[in-house]
Amino acid sequence: MNKLLSAALGAMLLPATLTLSSPMNAQERQNPFMVPYDTPYEIPPFDKIRYEDYLPALEKGIEIQRQEIQAIADSKEAPTFENTILAMEKSGELLQRVMLVFSSLDETDNNAQMQAISEKAYPMVSAASDEISMNDKLFARVKQLYDNRDNLGLTGPQKRAVELSYKSFTRNGALLDAAGKEQLKALNKELTDLHLTFNKNLLAATNAFEIVVDNEAELAGLPAGIVATAATEAASRGKEGKWAFTLHAPSRLPVLKYADNRDLRRRMYEGYMNLASVAPYDNRPVIGNIVKARAKKAHLLGFPDFASYMTDNVMAKTPQAATDLLMKIWEPATARVKDEVAEMQAYVNAAGDNFEIAPWDYYYYSEKVRQQKFDLDENEVSAYFSLDNVRKGIFTLAERLYGVTFTEMPDAPKYNPEVTVYDVKDLEGNHVAVFMTDYFPRASKRQGAWMSEFKGAFTDPDGKSGRPIVYNVGNFTRPTADTPALLTIDEVETMFHEFGHGLHGMLTRAELRSQAGTNVDRDFVELPSQITEHWAMEPELLKDFAFHYKTGEVIPESLINKLQAASTHNQGFMTTELAGASLLDLEWGRLNPADDEEIDVDLFEKQVAQKLNMPELIAYRYRSPYFKHIFGSDGYASGYYTYLWAEVLDTDGFELFSEKGVFDPATARSFKENVLEKGGSEDPMELYVRFRGHEPSVDALLRNRGLAPAAESAKGGELKTQGGK
């Protein structure tokens, strides 16, 4: 998943030469945020930053930006792009630099000190953002530019920036009266506080859960590496000689997939299903309050519901357009589930076991069926996917497709000892970006995988420019005393996915801060990440990086063929749980509860499942109490569908690579120039069509997931967006 922070109305930076602190006594320690970073490529000096630095720097940053914004609003000069839109983008350097560091470390190295700071920091930033977006004089200048945008001689990206700035103001309350603005400020503060509570509960609940096993016989079926990791985990918890399993994916998924002990699988499954649903970390009351506040906000801004508010600003334009796409995928996916369950039940029956498949059996028997049908053992495959090998694979991909190289910077600042830093250069040796990786789980890190940045890219009219600092975070299988980190197929694909986001951020050539890198429509942002996943199992690339960790042998052709044959195995399940979560998210966004209405989260989920006729053995990919995408912030709220929306684009787009050659230089150059470099500087569908030659349809997605025959076209035709800009 992509994670970005925008301080106020976009990426807002001051000239890097500005000294942001007052003169200080030489003996007095200087807040590292208050001066330009004296580090390679302006990497944040993490080793110098202390907890007590954040809030003073944040307060000073807000104060400076308030002055800058007011100067723009009070200007006697007629509004121009340069003195209004560009000036807004360049404001707030200190605020931006503090929040890019703090918000990142708040998710990767969270602790009691960070939580205490976050309870003050995020409300302060939210209030400062409201202050800007509700500044009447500032909005008047933007509106004047917007009303005359066709007569100002603007470039395409400049005109788009004016249009998006105007829309941002209106979506953030600029057209409300004074009373309405105060109400919106209160709702935004309430939502900020609720998101903080949700995230705090989720992290605490995740870390509180454990399954401790003291009988080695109960571990039958689990790979040796997983058993060794569980022993290490138990020892770290003061339970030497036992085995501890957690809800982090590298621990949870192997139990569900490989543990012969059915009760162990059940305990893990039920633990996950009930995550953050039990006091003192119960998120269900928090969700009820979030849904009510969001509905009020949508109504205040003139939308019928929150889903309409959120989709209005992206490619889909309406929640119905998103739902229509999902239902074209839902029906063939759920039909496939019936076949998958029948295969698994037949396996159980043939083994002489007298029970019906339960939800905690799905992963386990799906793996058994895969081994039976394709003679494919994922443990055998993982031996070729050491983390270092896979990292070599993504770097080889980037060099062959886009002409960039990665050189480790061992002495560069890093926020955690497990981080690795790289200098990214083009083939002529020019600096392109800094790239950081942080791949292993720890108690202070939230679950999942994501990309973000410590510095954005830009090019100003005076020639001043900056290149980005991008990072990938994961929660992958750790190494053991005897083996390196050996990744599962899913983890390999996740590394490629987040690297695709990283490439989008690193290779950008968009000039404006608000349009650089991943600053694109939310339902377009997953295109670079998801199309990059396709190379993970491409035979031509596998032979460049998939080597056995013991023997050094390249992955054999026979194993590649098995991987290809099994590539659509279990896609009914995987597509259904993803589409189900996406539809649940949209239904939450359509809800308009009264203030005194009690929201029963469990009942609501069941009602949506019944409405969809959801297969009994499949749960949503994320149940609501731990659905951080949609309740931990507004980032993907009423927008989780975007993964499948973008998959329509990426599967159709990758078919062009398949036709021309997966490393075809002309196709790679077109994708780089029309998608990766452009960022949000042009309409996303226009960029896609320029690359692909036509608008996409859902057909390619269904073919890629094995839910439709290769020659069959699904009903529904092209992916359509509704409405105008």
Side-chain angles (χ1 to χ4, degrees), residues 1-6 99-100 102-111 114-123 125-126 129 187-209 247-249 272 274-277 280-294 297 306-307 309-310 441 443-452 473-475 498 501 518 522 525-526 578 581-582 584-589 591 599 601 604-605 620-643:
M1 176 199 80
N2 173 54
K3 172 190 167 289
L4 291 172
L5 173 81
S6 292
M99 287 308 294
L100 285 176
F102 177 74
S103 64
S104 299
L105 271 61
D106 190 39
E107 301 218 311
T108 58
D109 283 301
N110 190 281
N111 55 28
M114 294 295 282
Q115 289 178 7
I117 297 168
S118 70
E119 290 172 1
K120 296 180 179 179
Y122 292 120
V125 173
S126 176
S129 178
L187 287 169
N188 285 340
K189 183 182 185 307
E190 180 183 357
L191 283 167
T192 298
D193 292 342
L194 289 167
H195 295 153
L196 282 168
T197 302
F198 182 96
N199 292 329
K200 187 176 179 179
N201 282 346
L202 179 54
L203 183 62
T206 301
N207 288 334
F209 180 88
L247 291 178
H248 291 284
Y272 189 57
N274 294 301
L275 176 60
S277 298
Y281 309 124
D282 190 351
N283 265 333
R284 291 174 297 181
V286 184
I287 290 169
N289 290 329
I290 288 175
V291 171
K292 290 177 183 178
R294 285 175 172 173
K297 179 175 179 176
F306 188 72
Y309 169 73
M310 291 300 287
S444 61
K445 183 194 289 187
R446 76 168 172 89
Q447 291 196 63
W450 62 95
M451 163 268 176
S452 193
V473 179
N475 280 275
E498 297 306 333
H501 281 309
T518 53
R522 188 183 57 236
V525 77
E526 298 298 335
L578 174 57
S582 303
L584 173 66
D585 170 36
L586 287 167
E587 290 299 315
W588 276 124
L591 200 61
I599 297 178
V601 172
F604 185 79
E605 289 184 345
Y620 304 107
R621 172 165 289 189
Y622 301 102
R623 286 199 59 212
S624 302
Y626 50 92
F627 205 163
K628 183 179 171 67
H629 286 79
I630 69 169
F631 291 121
S633 70
D634 284 346
Y636 276 75
S638 296
Y640 194 65
Y641 75 88
T642 58
Y643 288 97

**Student:** Heavy atoms, side chains only, cut-off 4.5 Å: are Pro123 and Asp193 in contact?
**Tutor:**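 They are in contact (side-chain heavy atoms under 4.5 Å apart), so the answer is yes.
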
**Student:** Looking at Met310 and Ser638, what are the two nearest heavy atoms and their distance?
**Tutor:**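 Here Met310 and Ser638 meet closest at CB-CB, 3.9 Å.
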
**Student:** In terms of relative ring orientation, are Tyr622 and His629 parallel, tilted or perpendicular, with 30° and 60° separating the classes?
**Tutor:** tilted

**Student:** Would you check if the side chain of Asn283 reaches a backbone N or O of Ala276 as a donor-acceptor pair within less than 3.5 Å?
**Tutor:** no

**Student:** Would you say the side-chain atoms of Arg621 pair up with the backbone N or O of Leu578, donor to acceptor, closer than 3.5 Å?
**Tutor:**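 No.
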
**Student:** Does any N or O in the side chain of Glu605 come within less than 3.5 Å of the main-chain N or O of Ser624, such that one atom is a donor and the other an acceptor?
**Tutor:** yes

**Student:** Between Lys297 and Asn188, is any side-chain donor less than 3.5 angstrom from a side-chain acceptor?
**Tutor:**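 Side chains of Lys297 and Asn188: pair found under 3.5 Å.
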
**Student:** Which heavy atom in Leu196 sits nearest to a heavy atom in Glu119, and how many Å separate them?
**Tutor:** CD1-CA, 4.0 Å

**Student:** Can you check whether Tyr272's main-chain N or O pairs, donor with acceptor, with Tyr626's side chain at less than 3.5 Å?
**Tutor:** yes

**Student:** Considering all heavy atoms of both residues, which atom of Asn475 and which atom of Trp450 are nearest to each other, and what is their separation?
**Tutor:** ND2-CZ3, 4.5 Å

**Student:** Between Tyr620 and Phe627, is the gap from one ring center to the other below 6.0 Å?
**Tutor:** no

**Student:** Has the side chain of Ser129 got a donor or acceptor atom that lies under 3.5 Å from a matching backbone atom of Val125?
**Tutor:** no

